[in-house]
Amino acid sequence: MTGRVTVGPSDGGTLAEVSGLTVGPALGGPPVLSDACLSVPAGQVLGVVGRSGSGKSSLAHGLLGHVRPGLEVRAGTVRVADLDPFDRGDARRLRGRVVSFLGQDPASSLNPALRIGTQIAEAVRLRSAVAGGEGVRARVEELLLSVRLPADKEFRQRLPRELSGGQAQRVALALALAGRPGLLVLDEPTSGLDPVLADGMRGLLAETLREGDRAALLVSHDPAWLGTVSDDVIRLDGGRIVGRGMPVAPLPVQPSGASSDGAPRATAADPGVVGGLFVRGLHAVQGRSTVLHDVSLVVPASSCTAVVGASGSGKTTLARCLAGLHPGMEGSVEWRSDGTAQGRGAPVQLVAQDSRGALNPRESVDAALTRPLRRVGGRSARDASDEAARLLGLVGLDEDVRGRRSGELSGGQRQRVALARTLAAGPRVLVCDEITSALDPETAGRVLDLLDELRRTLGLTVVMVTHDLAAAASRADQVVVLDEGRVVEAGRADRVLVNPEHAVTRNLLAHEGGEGLTVPK
């Protein structure tokens with residue numbers, strides 16, 4: 001079904017309206033959003049769900065008068081509070097005052113060189129009628145308290161790097177609320193958080209959306225959450241609105257199980273482990289703080305180990321240490337071959353969570369793939385081109401993305417390009433840091449299936465840093481639980497995630513939705 005979606009009557013009238021919006025590549029090609037029509041009344045929440053690349057972010061950005069680089073508006077109109085967000089003058093009146101945006105990585109909106117209180121105060125001055133030093137400070141304190149953060153001087157003087165992941169997300173929300181906007185556009189604002197933080201952030205956003213006559217467009221991969229906070233939900237597929245209504249069923253995912261042959265693989269506790277990644281006595285510091293304390297583990301060759309834990313527990317630091325990218329580390333990380341791994345390049349390669357930051361915005365996808373194929377793999381230009389095409393197919397992308405830059409790709413497409421580039425270096429171990437956090441369940445399932453296939457066909461070893469305990473349960477052979485930089489529990493997935501022994505693990509599982517998960521045998 002393609003057509004106008006009206007989300008019920010509202011005494012406050014329609015705050016935002018999209019009519020026939022079509023967005024596509026500026027140089028030609030199929031549109032990424034086709035003939036989108038919808039209305040968002042004041043005081044109501046419209047949820048948006050769909051696969052990665054279905055046009056969700058393009059629709060959300062349209063309410064801000066923005067399209068990604070390389071795209072253009074081909075047809076249609078957008079009106080927010082009777083203003084055109086694509087008009088520069090109207091956009092200045094709208095942004096931050098009438099409509100605010102919170103994206104997939106809200107913390108990236110923070111200026112790393114400015115203190116938290118200064119950033120929020122500047123937003124208050126620019127986006128609201130509050131005047132005078134006392135009034136601005138009072139509003140800053142009010143905003144911090146509203147997002148469940150301390151409002152004292154010590155906290156206001158912190159820099160973004162001194163915040164935890166959850167605190168940074170809440171500061172970003174405070175910035176978005178500084179101008180008392182009538183419309184919030186939320187594009188996967190909890191996708192990168194562990195279950196505990198995501199739960200808290202979802203609760204905070206639900207409270208925020210219920211305030212006053214505020215309206216919202218909420219893009220999420222979490223149908224259950226959409227069902228609890230939205231007044232109506234639309235579904236996008238292939239750039240078109242194909243359905244609407246409540247309730248929303250999860251997009252189908254077919255897990256493949258933890259072992260490709262149905263038999264459990266060796267774990268770190270097995271004395272017979274010969275090949276794999278051996279980590280001993282790993283310590284890591286960040287500034288004056290120690291973030292990893294005496295971490296030791298073994299990842300058997302061709303197996304998958306999931307690393308889980310709350311935000312700030314040291315998961316990403318561990319991932320960077322395994323790849324040799326963290327300068328402040330002590331201890332040993334050693335790859336020992338068992339003769340089955342077919343990697344030809346650097347033994348350990350990291351697939352980072354921030355695919356936007358990992359890819360050079362100035363180079364094409366083709367250049368990002370062929371450079372490591374030639375420099376690390378020693379391939380000729382023709383062989384590198386052929387292999388780049390194969391890798392793109394392997395990660396589920398068409399060849400037509402080869403000429404695009406990272407800014408012209410959806411979040412899911414960028415993540416798959418980042419994975420393809422990592423594979424181009426010929427690793428023996430893939431360290432994947434939250435690589436499915438920005439993907440819808442179906443696309444995430446395909447990426448995880450791909451990792452399983454790479455383990456099976458190439459003998460690759462996978463370390464999967466994730467906050468998705470369901471993914472860990474369905475894919476991992478063993479699970480390592482971190483808390484405050486220490487391993488508090490480790491073992492086979494079917495033991496740790498079904499019968500957890502440590503309180504930290506039980507807490508993570510409780511926020512995932514149950515005290516235990518079903519793990520394939």
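Salt-bridge annotation for R495 and E501: present, with a side-chain N of the basic residue lying under 4.0 Å from a carboxylate O of the acidic one. Of the charged side-chain nitrogens involved, at least one lies within less than 4.0 Å of a carboxylate oxygen, so that D449 and R475 count as a salt-bridged pair. A salt bridge is absent between R390 and E399: the closest approach of a Lys/Arg side-chain nitrogen to an acidic carboxylate oxygen does not fall below 4.0 angstrom. A salt bridge is absent between K56 and D237: the closest approach of a Lys/Arg side-chain nitrogen to an acidic carboxylate oxygen does not fall below 4.0 angstrom. Using a 4.0 Å cut-off between a side-chain N of Lys or Arg and a carboxylate O of Asp or Glu, R336 and E334 qualify as a salt bridge.
For A384 against L373, the heavy-atom pair with the smallest separation is O-CD1, 3.3 Å. Scanning both residues, G281 and S296, for their nearest heavy atoms gives N-OG, 2.9 Å. Summarising the geometry of A172 relative to S109, their closest heavy-atom pair is CB-OG, 3.7 Å, with the distance given to 0.1 Å. Across all their heavy atoms, K315 and V308 have their closest contact at CD-C, 3.6 Å.
Contact of the V279 side chain with the V298 side chain is not registered, since no non-hydrogen atoms from C-beta on lie closer than 4.5 Å. Contact annotation: the side chain of D294 approaches that of H283 to within less than 4.5 Å [non-hydrogen atoms, C-beta and beyond]. The closest side-chain heavy-atom distance from R416 to V447 is below 4.5 Å. Within the 4.5 Å cutoff, side-chain heavy atoms of V463 are placed close to those of V307. The shortest distance between side-chain heavy atoms of L46 and D231 does not fall below 4.5 Å. With contacts defined as side-chain heavy-atom distances shorter than 4.5 Å, the pair L59/I234 qualifies. Looking at L430 and L423, their side chains come closer than 4.5 Å, going by heavy atoms from C-beta outward. In this structure, R158 and L163 have side chains that are in contact, with non-hydrogen atoms separated by less than 4.5 Å.
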Determine all donor-acceptor pairs shorter than 3.5 Å in which one atom belongs to a side chain in residues 319-327; sequence neighbours excluded.
residue	atom	partner	partner atom	Å
R320	NH2	L325	O	2.9
H326	NE2	V285	O	2.8

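The local environment of CZ in R375 is sparse, with at most 12 non-hydrogen atoms from other residues, nucleotides or ligands closer than 6.0 Å. Heavy-atom contacts from other residues, nucleotides or ligands closer than 6.0 Å to CD of E330 number 12 or fewer.
No hydrogens or angles considered: nothing links the side chains of Q349 and T422 as a donor-acceptor pair under 3.5 Å. Side-chain atoms of S313 and D483 include no donor-acceptor pair closer than 3.5 Å. Remark: the D187 side chain and the S57 side chain contain an N/O donor-acceptor pair separated by less than 3.5 Å.
With T466 contributing its side chain and E434 its backbone, the two residues share no donor-acceptor pair below 3.5 Å.
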Practice item. Evaluate side chain to side chain contact (heavy atoms under 4.5 Å, CB included) for L282 paired with L297, printing each intermediate quantity in order. Key: CA-CA 9 Å; L282 190 63; L297 57 95; over 6 Å; no
Check your understanding: Step by step, would you call R421 with L391 a side chain to side chain contact (heavy atoms under 4.5 Å, CB included)?
Key -> CA-CA 8 Å; R421 187 187 65 172; L391 289 173; over 6 Å; no
Exercise for review: Could you walk me through whether L102 and L205 pass side chain to side chain contact (heavy atoms under 4.5 Å, CB included), step by step?
Suggested key: CA-CA 11 Å; L102 203 65; L205 288 171; 4.2 Å; yes
Point to revise | Pair D477-T305, side chain to side chain contact (heavy atoms under 4.5 Å, CB included): steps then yes or no | key: CA-CA 6 Å; D477 303 301; T305 291; over 6 Å; no
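Exactly one residue among L460, V351, T436, I435 makes a side-chain contact (heavy atoms from CB on, under 4.5 Å) with L451. That residue is I435.
Under the 6.0 Å cut-off for aromatic ring centres, F101 and H66 do not qualify, their centroids lying 6.0 Å or more apart.
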